[in-house]
Amino acid sequence: MAEDESKGRKILVAVDEGEESMYALSWCLSNITIQNSKDTVVLLYAKPPLAVYSGLDGTVYLFSSNIMLSMESYRNAVAEGVMQKAKNLCSQHSDIEVEAMIESGDARDVICGAAEKLGVDMLVMGSHGYGLIKRAFLGSVSNHCAQNVKCPVLIVKRPKSTAENK
């Protein structure tokens, strides 16, 4: 048992553009990671796939290579911005080792795949707090991961007072 404790834990934290994920990361750093431990926090950002647009008549619209490059450049900038914000939060906890991953694809698949591939001890994610109807149409990434990941999953909800004071 002492060997496992000295090894430290690998904690995967899914981050995105929302304040909910940054709150979950902050909460994890304050409540889950242990000071002076060998815990590793792996930050994961899932870049959404490029959308394909089609008309009502079934026509698929393709974009020029310049537009595609522009869209990809924007997606990369967003990903880097999210990661920088997350790393800045982590830097306040100098005793924690931090790794960063940016993967492309549907967030559900990317998060579940990374948790399995990395063999993490825990997955931490924020909850967007969608209502019943919005969740039915958009699906719940956190619910999907909780059902499909083998490790413990912690879904951190932002307190209502914090969520309202954006």
Side-chain angles (χ1 to χ4, degrees), residues 8-33 35 37-53 61-130 134-135 138-146 148-149 151 153-159 162-166:
R9 299 169 297 170
K10 187 173 274 197
I11 302 166
L12 180 64
V13 182
V15 293
D16 63 16
E17 300 87 348
E19 288 302 314
E20 294 82 3
S21 73
M22 291 302 152
Y23 179 81
L25 172 59
S26 179
W27 195 93
C28 172
L29 292 168
S30 299
N31 296 286
I32 302 295
T33 57
Q35 278 193 321
S37 73
K38 294 183 179 166
D39 287 347
T40 300
V41 171
V42 181
L43 304 170
L44 174 65
Y45 177 80
K47 271 198 303 189
L50 283 173
V52 174
Y53 297 97
Y61 294 94
L62 300 175
F63 296 110
S64 73
S65 58
N66 285 345
I67 291 175
M68 293 298 283
L69 282 172
S70 216
M71 290 167 68
E72 186 60 26
S73 176
Y74 174 76
R75 289 175 56 215
N76 289 338
V78 169
E80 289 301 326
V82 169
M83 273 303 172
Q84 194 54 56
K85 188 174 180 182
K87 286 177 185 175
N88 288 346
L89 267 176
C90 292
S91 70
Q92 298 166 12
H93 300 263
S94 58
D95 49 337
I96 304 295
E97 185 177 328
V98 178
E99 297 173 9
M101 294 175 59
I102 298 174
E103 301 281 335
S104 293
D106 181 270
R108 290 173 275 248
D109 300 330
V110 168
I111 296 167
C112 291
E116 187 173 331
K117 183 173 82 177
L118 298 171
V120 297
D121 297 297
M122 176 183 280
L123 168 61
V124 177
M125 40 192 335
S127 171
H128 284 279
Y130 293 142
K134 208 172 198 183
R135 192 171 51 244
L138 298 176
S140 169
V141 174
S142 55
N143 185 52
H144 177 85
C145 293
N148 293 289
V149 170
C151 67
V153 178
L154 175 64
I155 300 168
V156 180
K157 292 177 82 171
R158 260 175 97 191
T162 305
E164 291 168 0
N165 295 333
K166 279 190 180 177

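Here the structure is a predicted model, which is why all the values come from computation and not from measurement.
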Does the side chain of [X] reach to within under 4.5 Å of the side chain of [Y], using non-hydrogen atoms?
{"X": "S21", "Y": "V13", "value": "no"}
{"X": "V82", "Y": "I102", "value": "no"}
{"X": "W27", "Y": "K157", "value": "no"}

Which heavy atom of [X] sits nearest to which heavy atom of [Y], and what is that distance?
{"X": "E99", "Y": "T40", "result": "OE2-CG2, 3.7 Å"}
{"X": "S104", "Y": "K47", "result": "OG-CE, 3.3 Å"}
{"X": "D16", "Y": "M22", "result": "O-CE, 3.9 Å"}
{"X": "L43", "Y": "A86", "result": "CD1-CB, 3.7 Å"}
{"X": "A107", "Y": "A46", "result": "CA-CB, 3.8 Å"}
{"X": "R108", "Y": "S140", "result": "NH1-N, 4.3 Å"}

- [ ] Using distance alone, with no hydrogens and no angle criterion, decide if E80 and N76 have a side-chain donor and acceptor under 3.5 Å apart.
- [x] no
Value rounded to 0.5 Å, distance of [atom1] in [X] from [atom2] in [Y]:
{"X": "M101", "Y": "M83", "atom1": "CE", "atom2": "CE", "answer": "8.5 Å"}
{"X": "M71", "Y": "N66", "atom1": "CE", "atom2": "CG", "answer": "13.0 Å"}
{"X": "K85", "Y": "N88", "atom1": "NZ", "atom2": "CG", "answer": "10.0 Å"}
{"X": "H144", "Y": "S142", "atom1": "NE2", "atom2": "OG", "answer": "11.0 Å"}
{"X": "C90", "Y": "I96", "atom1": "SG", "atom2": "CD1", "answer": "8.5 Å"}
{"X": "I111", "Y": "D106", "atom1": "CD1", "atom2": "CG", "answer": "8.5 Å"}

Using modelled atom types only, decide if a donor and an acceptor are shared between the side chain of [X] and the backbone of [Y] within a distance under 3.5 Å.
{"X": "S127", "Y": "I155", "result": "no"}
{"X": "T33", "Y": "L29", "result": "yes"}
{"X": "S26", "Y": "Y23", "result": "no"}

N/O donor to acceptor pairs below 3.5 angstrom from side-chain atoms of residues 112-124, sequence neighbours left out:
unit_1 : atom_1 : unit_2 : atom_2 : d
D121   : OD2    : K10    : N      : 2.7

TODO: Start with the C-alpha gap between I32 and R9, add the side-chain angles, then the distance that decides, and say whether side-chain contact (heavy atoms from CB on, under 4.5 Å) holds.
DONE: CA-CA 10 Å; I32 302 295; R9 299 169 297 170; 4.1 Å; yes
TODO: Check the pair S91, V98 against side-chain contact (heavy atoms from CB on, under 4.5 Å), reporting the backbone distance first and the verdict last.
DONE: CA-CA 9 Å; S91 70; V98 178; over 6 Å; no
Open item on the list: Going by salt bridge (charged side-chain N to carboxylate O under 4.0 Å, His left out), name the residues that satisfy it together with K87, two or more places apart in sequence or in a different chain.
Closed with: none
